[in-house]
Amino acid sequence: MRGVQGAADRAMDLARDFLLAQAPGSLLHDVTDDPRFRHRGVDLLWERDEQVTGVEVKGDRQGFRRKNYFFELVSNLEKDTPGCFLYSMADLLVYVFLDVQQVHCLPLKQTREWFLPQGKRFPLRTTRTKTGPISYTTVGALVPLREVKAAVAPQVWSPKA
């Protein structure tokens, strides 16, 4: 659990740094443990210029070197729960490549609308997550960075830049 939680914490930290760099003085509200937002697939509320934006944060430890996003389609295969990419009501998907400390900010609705009609052409992969004595399988589509970049032009940011 520590490895998974550590990666999630690092992704959340980089996502916060990115959002605050985009709008200094804005406010971030962590709602990951709030049941009103958890079932909506929203991790952060980003408050700026009298506007509130819902943000879903995803951390990926290996995707950048493989040049793919992993769009989560089934969160827990054993329980048949939908993946966050499909149900999230967030406005933004902040996808963090932990291996290179790079943040990609995608407009979630536009990205999903682009993906859904052609989703079957992308290979599916599974990953196992262990949380204490329990483990579960997540299913996602491997989607090339270049294709998403051409379709929705994500904003890319690195704290080193």
Side-chain angles (χ1 to χ4, degrees), residues 1-64 68-113 115-116 124-143 148 152 154-159:
M1 175 71 174
R2 186 174 299 138
V4 171
Q5 190 57 47
D9 290 343
R10 289 192 314 272
M12 188 67 82
D13 288 343
L14 283 167
R16 281 188 192 102
D17 291 346
F18 162 75
L19 294 168
L20 293 172
Q22 302 314 299
S26 61
L27 299 174
L28 289 172
H29 307 280
D30 187 333
V31 294
T32 53
D33 294 326
D34 187 326
R36 296 172 298 172
F37 294 96
R38 175 169 274 178
H39 77 278
R40 290 182 171 110
V42 176
D43 295 320
L44 296 170
L45 295 177
W46 185 24
E47 187 178 348
R48 66 195 192 290
D49 300 327
E50 299 182 27
Q51 175 185 342
V52 178
T53 301
V55 179
E56 167 65 13
V57 177
K58 285 293 176 191
D60 188 325
R61 291 183 268 188
Q62 305 174 35
F64 191 79
N68 290 310
Y69 293 103
F70 181 84
F71 288 160
E72 182 185 277
L73 305 177
V74 179
S75 177
N76 184 324
L77 186 62
E78 291 76 14
K79 292 184 179 181
D80 195 29
T81 56
C84 195
F85 182 76
L86 296 178
Y87 75 82
S88 177
M89 297 176 75
D91 302 295
L92 299 175
L93 171 60
V94 174
Y95 198 101
V96 181
F97 291 103
L98 293 164
D99 51 346
V100 293
Q101 292 196 345
Q102 191 174 85
V103 176
H104 292 211
C105 183
L106 300 110
L108 183 53
K109 182 180 178 197
Q110 182 183 357
T111 305
R112 190 168 33 222
E113 287 173 353
F115 172 82
L116 288 175
L124 297 180
R125 294 292 185 267
T126 60
T127 183
R128 300 277 303 159
T129 302
K130 188 170 170 74
T131 57
I134 299 168
S135 68
Y136 61 92
T137 307
T138 300
V139 180
L142 291 182
V143 184
V148 176
V152 298
Q155 185 176 2
V156 178
W157 177 86
S158 175

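Just so it is clear, the structure is predicted and the values come from calculations on it, not from any experiment.
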Can you name the salt bridge (charged side-chain N to carboxylate O under 4.0 Å, His left out) partners of [X], sequence neighbours left out?
X: Asp99; result: none
X: Arg112; result: none
X: Glu113; result: Lys109
X: Glu50; result: none

I need the minimum non-hydrogen distance between [X] and [Y], along with the two atoms involved.
X: Leu73; Y: Phe85; result: CD2-CD2, 4.2 Å
X: Gly140; Y: Phe70; result: N-CZ, 3.2 Å
X: Ala90; Y: Gly41; result: CB-O, 3.9 Å
X: Leu106; Y: Pro154; result: CG-CB, 3.9 Å
X: Val74; Y: Thr138; result: O-CG2, 3.3 Å
X: Gln101; Y: Pro159; result: O-CD, 3.1 Å

- Task: Before giving the answer on side chain to side chain contact (heavy atoms under 4.5 Å, CB included), spell out for Arg48 and Leu19 the whole-Å C-alpha distance, their side-chain angles and the decisive distance to 0.1 Å.
- Result: CA-CA 10 Å; Arg48 66 195 192 290; Leu19 294 168; over 6 Å; no
- Message: If the condition is side chain to side chain contact (heavy atoms under 4.5 Å, CB included), which residues does Ala11 pass it with, not counting sequence neighbours?
- Response: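 Applying side chain to side chain contact (heavy atoms under 4.5 Å, CB included) to Ala11 gives Val57, Val96, Leu98.
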- Item | Thr137: side chain to side chain contact (heavy atoms under 4.5 Å, CB included) partners, not counting sequence neighbours |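 By the side chain to side chain contact (heavy atoms under 4.5 Å, CB included) rule, Thr137 matches Leu77, Glu78, Thr126, Arg128.
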- Task: May I ask you to test the Val100-Ser158 pair for a side-chain heavy-atom distance under 4.5 Å?
- Result: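 No, too far: nothing below the 4.5 Å cut-off.
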Using side-chain hydrogen bond (donor to acceptor under 3.5 Å, both in side chains) as the criterion, list what pairs up with [X], not counting sequence neighbours.
X: Gln155; answer: Gln22
X: Gln110; answer: none
X: Thr127; answer: none
X: Asp30; answer: Arg16, Thr32

[X] [atom1] to [Y] [atom2] distance, which is reported to the nearest 0.5 Å:
X: Asp43; Y: Leu93; atom1: CG; atom2: CG; answer: 9.5 Å
X: Thr53; Y: Leu92; atom1: OG1; atom2: CG; answer: 6.0 Å
X: Leu86; Y: Leu116; atom1: CG; atom2: CG; answer: 6.5 Å
X: Leu28; Y: Leu44; atom1: CG; atom2: CG; answer: 6.0 Å

- Message: I'd like to know if the side chain of Asp34 reaches the main chain of Arg36, judged simply by a donor and an acceptor atom lying under 3.5 Å from each other, with no hydrogens or angles considered.
- Response: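 Checking the backbone N and O of Arg36 against the side chain of Asp34, a donor-acceptor pair under 3.5 Å is found.
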- Message: Between Glu47 (side chain only) and Leu27 (backbone N and O only), is there a donor and an acceptor less than 3.5 Å apart?
- Response: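 Answer holds: no.
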- Mind jotting down which residue pairs meet the ring pair (Phe, Tyr, Trp, His ring centres under 6.0 Å) criterion with at least one end in residues 86-109? Sequence neighbours excluded, please.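 The answer is Phe64-Phe97, Tyr69-Tyr95, Tyr69-Phe97, Tyr69-His104, Tyr95-Phe97, Phe97-His104.
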- Item | Pairs flagged by ring pair (Phe, Tyr, Trp, His ring centres under 6.0 Å) wherever residues 11-39 is involved - sequence neighbours left out |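 Sorted pair list: Phe18-Trp157.
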- For Trp46 and Asp91, what are the C-alpha separation, side-chain angles and deciding distance, and is it a side chain to side chain contact (heavy atoms under 4.5 Å, CB included)? CA-CA 10 Å; Trp46 185 24; Asp91 302 295; over 6 Å; no
- Please walk me through it: do Ser88 and Leu108 pass side chain to side chain contact (heavy atoms under 4.5 Å, CB included)? CA-CA 8 Å; Ser88 177; Leu108 183 53; 3.6 Å; yes
- Apply the test side chain to side chain contact (heavy atoms under 4.5 Å, CB included) to residues Lys79 and Tyr136: give CA-CA distance (whole Å), side-chain angles for both, the deciding distance (0.1 Å), then the verdict. CA-CA 9 Å; Lys79 292 184 179 181; Tyr136 61 92; over 6 Å; no
